[in-house]
Amino acid sequence: MNPSTNARSGRENLIWLVISLVVFGCFYIIVTAYLDRINTGVLDIVASKDAALISVSSTGSQASVLGTGSASARLKPGTYRVVATTSDREAIKIIKIYKQQRSSLRLLLEPSARVPSVDNIEFEGLNSLVDAGLSVSQVNYVHDGLGAFAPSAKKISIISSSVQPGPHDPNSSDPNFSLNFTVVVDGKNYRASAYYTDLENVHLVVSSSAGALLYDSAKPTAASAPND
Amino acid sequence: MDRKIIKRLVLISVLLLGLVGASLVVKAVLLNRVQVIRLAPASSLAGVVSQSLSPVESSNLPQEGEDYTLSRTRYFYNKDWVVSVIQTKAGDKTVLVLQSKDGVYYPVLGPGSAFPQSSLQNLPQGVKQYVTDMVASYEPLD
């Protein structure tokens, strides 16, 4: 065989190799696409905010971003946790995906879930306790105690006109003083008493209008909060 | 090179490019132009934690093992609450508290390394104790 025939044969082999690889690659693309089609389900997601970042995860897997505002994805059958978030709002939903089925999910973003906190309660009338003789630190203690009594309350008001000193004999050497007052938690009235012996400590007790003990700051877990 | 051979090579190239293009069109039609998402395996909490963290460069979520690791994960009250420590590549450690409602974990505290006392106050006792041992608590200045 002469060199020119050898070169031609080598070139032909190379051409056929390239053709085979490309055809195989195309075949692979189509077969995997077909398998993905029959083995996955489609999830369409629309978030209530266009800027919301939409992501998906499942137990034992990493999370993946799908898009912002709206997204569609093919997922293997299973249970997924879909989240849409902006800087201050989020929506979390669990959805099951089935083979060859299309599912839709609309995510309504709401303020992020937070632990109830005394910081989120609006207080009113605390100054009336200062006017009646409690120190600022004692009032802060009452503030936190009322927050612990009603952690999920939206508004707690102390009725200024109800703040009255408890009975105390001016000639007695007894160091115990008290203030009785009415506290309104989200529209419901309670009786409260603040007991103190100095300018630092205070002991808060909250009772129902009928007189049943509901909260005692000395043993906060023994009584029940109004939300219970 | 022979002109005839060049012509043949060009023809083959065009045919192959057409074949690749046609394959991609078939793929798009088969999948209805919807992207297939394959989630990489990770620890059981990785996805939830990643979704609780801020995105990286606005379009990617941090990934466990790549951007952070989880440690000291502890479940409380029949897995209704879970606390985990997130350590970033830079070595920063933060605590994340999640609560399960109807089987869905919601981040309720963190990630952070210091929390106002009022935020810790309403956690269940066991969770509060575990978190308090790992973070600083403070009284915010009004």
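Convention: sequence-line order gives letters A, B, ...; per-chain numbering from 1. All heavy atoms count here, side chains included; hydrogens, waters and symmetry mates do not.
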TODO: Give a yes or no on whether the backbone of A/R74 and the side-chain of B/Q35 come within a donor-acceptor separation of less than 3.5 Å.
DONE: no

TODO: Without swapping roles, check the side chain of A/Q62 against the backbone of B/E64 for a donor-acceptor pair under 3.5 Å.
DONE: yes

Gap separating the [atom1] atom of [X] from the [atom2] atom of [Y], nearest 0.5 angstrom:
{"X": "B/L16", "Y": "A/I19", "atom1": "CG", "atom2": "CD1", "answer": "5.5 Å"}
{"X": "B/L61", "Y": "A/T85", "atom1": "CG", "atom2": "OG1", "answer": "7.5 Å"}
{"X": "A/R81", "Y": "B/S50", "atom1": "CZ", "atom2": "OG", "answer": "10.0 Å"}
{"X": "B/L9", "Y": "A/R11", "atom1": "CG", "atom2": "CZ", "answer": "7.5 Å"}
{"X": "B/Q51", "Y": "A/I92", "atom1": "CD", "atom2": "CD1", "answer": "7.5 Å"}
{"X": "B/L53", "Y": "A/S55", "atom1": "CG", "atom2": "OG", "answer": "10.5 Å"}

Open item on the list: Would you say CG of B/D133 has more than 12 non-hydrogen atoms from neighbouring residues, nucleotides or ligands within 6.0 angstrom?
Closed with: yes

- [ ] Determine the option with the most heavy-atom pairs under 4.5 angstrom with chain B, choosing from A/S57, A/S64, A/S72.
- [x] A/S57

Open item on the list: Among A/I15, A/V18, A/T32, A/V56, which residue has the highest count of heavy-atom pairs closer than 4.5 Å to chain B?
Closed with: A/V56

[X] portion near chain A, given a 4.5 angstrom heavy-atom threshold:
{"X": "B/V29", "answer": "backbone"}
{"X": "B/I12", "answer": "side chain"}
{"X": "B/R33", "answer": "neither"}
{"X": "B/V26", "answer": "side chain"}

- [ ] Considering only heavy atoms and a distance below 4.5 Å, find which of B/G47, B/G65, B/A42 pairs most often with chain A.
- [x] B/A42

- [ ] List for me each residue that meets ring-ring contact (aromatic ring centres under 6.0 Å, His included) alongside A/Y141, sequence neighbours excluded, and say none if there are none.
- [x] none

Task: Which atom of B/I37 lies closest to which atom of A/A73, heavy atoms considered - done: CG1-CB, 3.6 Å

Open item on the list: Quick check: closest heavy atoms across B/K27 and A/A33, and the distance to 0.1 Å?
Closed with: CG-CB, 3.5 Å

TODO: Under 4.5 Å, heavy atom to heavy atom: which of residues 128-139 of chain A reach chain B? Give them by number, or say none.
DONE: none

- [ ] Residue by residue, scan residues 35-44 of chain A and write down, ordered by number, those that have a heavy-atom distance under 4.5 Å to chain B; if none do, write 'none'.
- [x] A/D36, A/R37, A/V42

Task: Region of A/Y80 in contact with chain B, defined by heavy-atom distances below 4.5 Å - done: side chain

Open item on the list: Applying a heavy-atom distance below 4.5 Å, give me the residues of residues 68-78 of chain B that approach chain A, sorted by number.
Closed with: none

